[in-house]
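These notes are about the structure you will find just below.
Reminder, nothing fancy here: chain letters follow the sequence lines and each chain counts from 1.
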Protein chains: 2
Amino acid sequence: MADGRSRAVQKGHEIDDRKLRILLAVIDDYVHTAVPVGSRTISRKYETALSSATIRNEMSDLEEMGYLEQPHVSAGRVPTMKAYRLYVDSLLSGGTRAAEADSVREFFFDRVSQMQDVVESAASALSELTRYTAVVLMPKQLDLKVSCLQLVPMNRGSALLVVITDGGVIRNQVIRVSENLDSDALYAISKVLTSRLAGRTLQQVTEALAIYSRYSGADQEVCGAIADMASQMARQTGTDTIAVSGSHNILNYPEYSDVDKARAFLSVLETKDKLLSFLPEEREGFTVRIGPEMGLREMADCAAVCTSYRIGGGHTGTVGVIGPARMPYGRIIGILETVGEALTGLMGEAAR
Amino acid sequence: MADGRSRAVQKGHEIDDRKLRILLAVIDDYVHTAVPVGSRTISRKYETALSSATIRNEMSDLEEMGYLEQPHVSAGRVPTMKAYRLYVDSLLSGGTRAAEADSVREFFFDRVSQMQDVVESAASALSELTRYTAVVLMPKQLDLKVSCLQLVPMNRGSALLVVITDGGVIRNQVIRVSENLDSDALYAISKVLTSRLAGRTLQQVTEALAIYSRYSGADQEVCGAIADMASQMARQTGTDTIAVSGSHNILNYPEYSDVDKARAFLSVLETKDKLLSFLPEEREGFTVRIGPEMGLREMADCAAVCTSYRIGGGHTGTVGVIGPARMPYGRIIGILETVGEALTGLMGEAAR
DNA sequence: GTTAGCACTCACCACTAAAGAGTGCTAACA
DNA sequence: TGTTAGCACTCTTTAGTGGTGAGTGCTAAC
């Protein structure tokens, strides 16, 4: 022990090439097996030129430096959060990303429609691809402007109100209308409404209709319904929309074979605030939170890999993967990159 | 043992009032504790007038009759599937239902829009209310007829295509259109399309457009998009739509503290075919499948309580709750009843 | 600087023993 | 005849025990 300590001091805290190779080997092995990895394993599977004793010395140094730790005295070593951090950082700067672009695209390009749907199918595709929990966040947009309002006739007495905003947010709702309004009448109303309301924010539309409804007695009903819907949309788009998918993938990993841990994990996913707390603020590139960086006790041995995508109006959304800290970061980052690009494409299109 | 057997034979298999009370007490206790219940528990908590020895005799008879069983010789008793069956049947005929109508309605009447959304929010409301897994099934509808097609202008070069069918199914999608089509032009096209296609089934629309697109050269693009969408809708409405919510509520129950069991359960929920296999065919009233009645090995100790709701066009959907056989059936049935009625209301409205 | 060898540690497994809960049965009682 | 008390018995659960094996740290030799 004294020797190990002195070695580390002698050598400083510089991690040389061989140490790095060994560390990466430990991480790699642990990511796949979830079992503490011993010196012999590394010597046999990764660094065949070196004996287990040599590896042992190096591993001892790595432990001294804080990259490895032992669950108990005589088990193999497990990578620390610091090790994952190093690993991820090298990945991010390097660019040794697994390219699975094709299978990713294929996975969710056949289902496209409204933004909400896109968000959800992206989450589900992402979770199926990674076998981890996927999160897609569509941030709140307070400044959405209405670009079109239209009433589409349904059966007598009811119509479908469609509202389109410049952010590409589309919402529709069935409302009651006077029975003697035919298709043309509804279209006429739609044109008037659109011309008066286009360019205003949802909030303004809600307010304007309160005034407008005084003039046109017969259409009060319609105006009321639109006002309701606008305020509802304002509320919805003014709130962060989060889609979570594959949350129970966590059960596939042995670190969560304890049901209580699994439940704690799952309950975080259900709590919007907690979820938001560790999703990064709009930021370019990849963000990787490891262990304590997540800021939640329940997530202390988890990691989250996130990236951003662009939606209309200069806003950016966040898409990410959550799983045990032991994660194949390279693969995940590769997949996320593609998904992020795909989302930017889809959202951009809807928004344009 | 010989005595117990002879008693049962002597008395025939009639279950008298006291036996029934004891049986219900056992079920009740087990539902809440998930621990085999012993004679002393019943004697203390439920039938204070009787001693544990008496209860023991009765329980022995009940075991003989197949209503109770012992996990092992010297544990308490656990209700059998037959007991749950009896319990449920008496509930269904009697009508001792927990009335929680208000809280149920309150729960999801503020989010209404398209049928898909309704189905999903119903599922999520139901699972939150019951703390079990909720399933809402919207059965396939092969004969939906288009009642209205409308193009709503978005930014230049794109429009929102809205399709409404008589079943109240609404779908919309952004499509590309020629840049020189303004709002009026789009409306004119919509009118023509509606007049020609209204009343046809989705399948027919898909086919018709293949022919129609030959005539109007300029609008080929639009027709193609509509044809695509119609066939997509035909595919979607021609498939059973299932919303599952609260699947990991199962982790709250000790019978699933074994992760492998939990995973097996969850994987059934992800397999549409298996899920459909135990959801009842359209049938009035409540259907309760208990244990082996589920027909799946993975679900052998589960139960499903289902009821039906009406959607447009004489079709009915199914809504249900899945959980361990040990379930507070009274409460569940009460909640389901209200949710079913609410769904009928919402779907009916959308459909009318 | 690397390697072989050896003593040592500690989780894990199988096994055993004791404790506790609950039953079945018998005999006595109302 | 139904109910109850008492007791022997069963069987799970829990704690404790020893053996096994993986893996380490250290030392000495190369």
Q: Return yes if a side-chain donor-acceptor contact under 3.5 Å exists between A/S127 and A/S124, otherwise no.
A: no
**Q.** Side chain of B/V73 (C-beta onward), nearest among D/dT10, C/dC10, D/dT4
**A.**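 Per side-chain heavy atoms of B/V73, the pick is D/dT10.
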(Q) Side chain of B/R77 only, heavy atoms from C-beta on: which candidate in C/dG24, C/dC10, C/dT3 is closest? (A)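 Shortest atom-to-atom distance from the side chain points to C/dG24.
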Nearest-Å distance, [atom1] ([X]) to [atom2] ([N])?
{"X": "B/L62", "N": "C/dT23", "atom1": "CG", "atom2": "C1'", "value": "15 Å"}
{"X": "B/R44", "N": "C/dG22", "atom1": "CZ", "atom2": "C1'", "value": "12 Å"}
{"X": "B/M59", "N": "C/dG24", "atom1": "CE", "atom2": "P", "value": "9 Å"}
{"X": "B/Q70", "N": "C/dG24", "atom1": "CD", "atom2": "C1'", "value": "10 Å"}
{"X": "A/E64", "N": "D/dG25", "atom1": "CD", "atom2": "C1'", "value": "13 Å"}
{"X": "B/R40", "N": "D/dT4", "atom1": "CZ", "atom2": "P", "value": "15 Å"}
{"X": "B/N57", "N": "C/dG22", "atom1": "CG", "atom2": "P", "value": "17 Å"}
{"X": "B/R18", "N": "D/dT3", "atom1": "CZ", "atom2": "C1'", "value": "8 Å"}

**Q.** Quiz item: B/S74 side-chain donor-acceptor pair to C/dA21 base, under 3.5 Å
**A.** yes
**Q.** Donor-acceptor pair under 3.5 Å, B/R56 side chain vs D/dG6 base
**A.** yes
Q) In Watson-Crick or G-U wobble terms, both distances under 3.5 Å, what is the partner of D/dT27? A) C/dA4
Q | Watson-Crick or G-U wobble partner of C/dA18, both distances under 3.5 Å | A |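 Across all strands, the one nucleotide that pairs with C/dA18 is D/dT13.
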(Q) Check the phosphate of D/dT3 against B/S51, side-chain N and O only, distance under 4.0 Å to OP1 or OP2. Yes or no? (A) no
Q | Short side-chain N/O contact to D/dG23 OP1/OP2 from A/S39, under 4.0 Å | A | no
Q: Give one of base, sugar-phosphate or nothing for A/A75, where a contact means two heavy atoms less than 4.0 Å apart.
A: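 Touches sugar-phosphate only.
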Q: Please work out which of the three classes, parallel, tilted or perpendicular, describes the rings of B/Y253 and B/Y132, given edges at 30° and 60°.
A: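 The arrangement is parallel - the two ring planes meet at less than 30°.
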Q: Look only at the side chain of A/R263 and the backbone of B/L251, and say whether a donor-acceptor pair between them is shorter than 3.5 Å.
A: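 A pair under 3.5 Å: yes.
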Q: Could you tell me which non-hydrogen atom of B/A304 sits nearest to which non-hydrogen atom of B/I322, and how far apart they are?
A: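 Looking at all heavy atoms of both residues, the closest pair is CB-CG1, 4.2 Å.
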Q. Which pair of heavy atoms, one from A/V244 and one from A/L269, lies closest together, and at what distance?
A. CG2-O, 4.2 Å
(Q) Return whichever of B/A49 or A/P36 has its heavy-atom-nearest nucleotide of DNA chain D closer to the 5' end. (A) B/A49
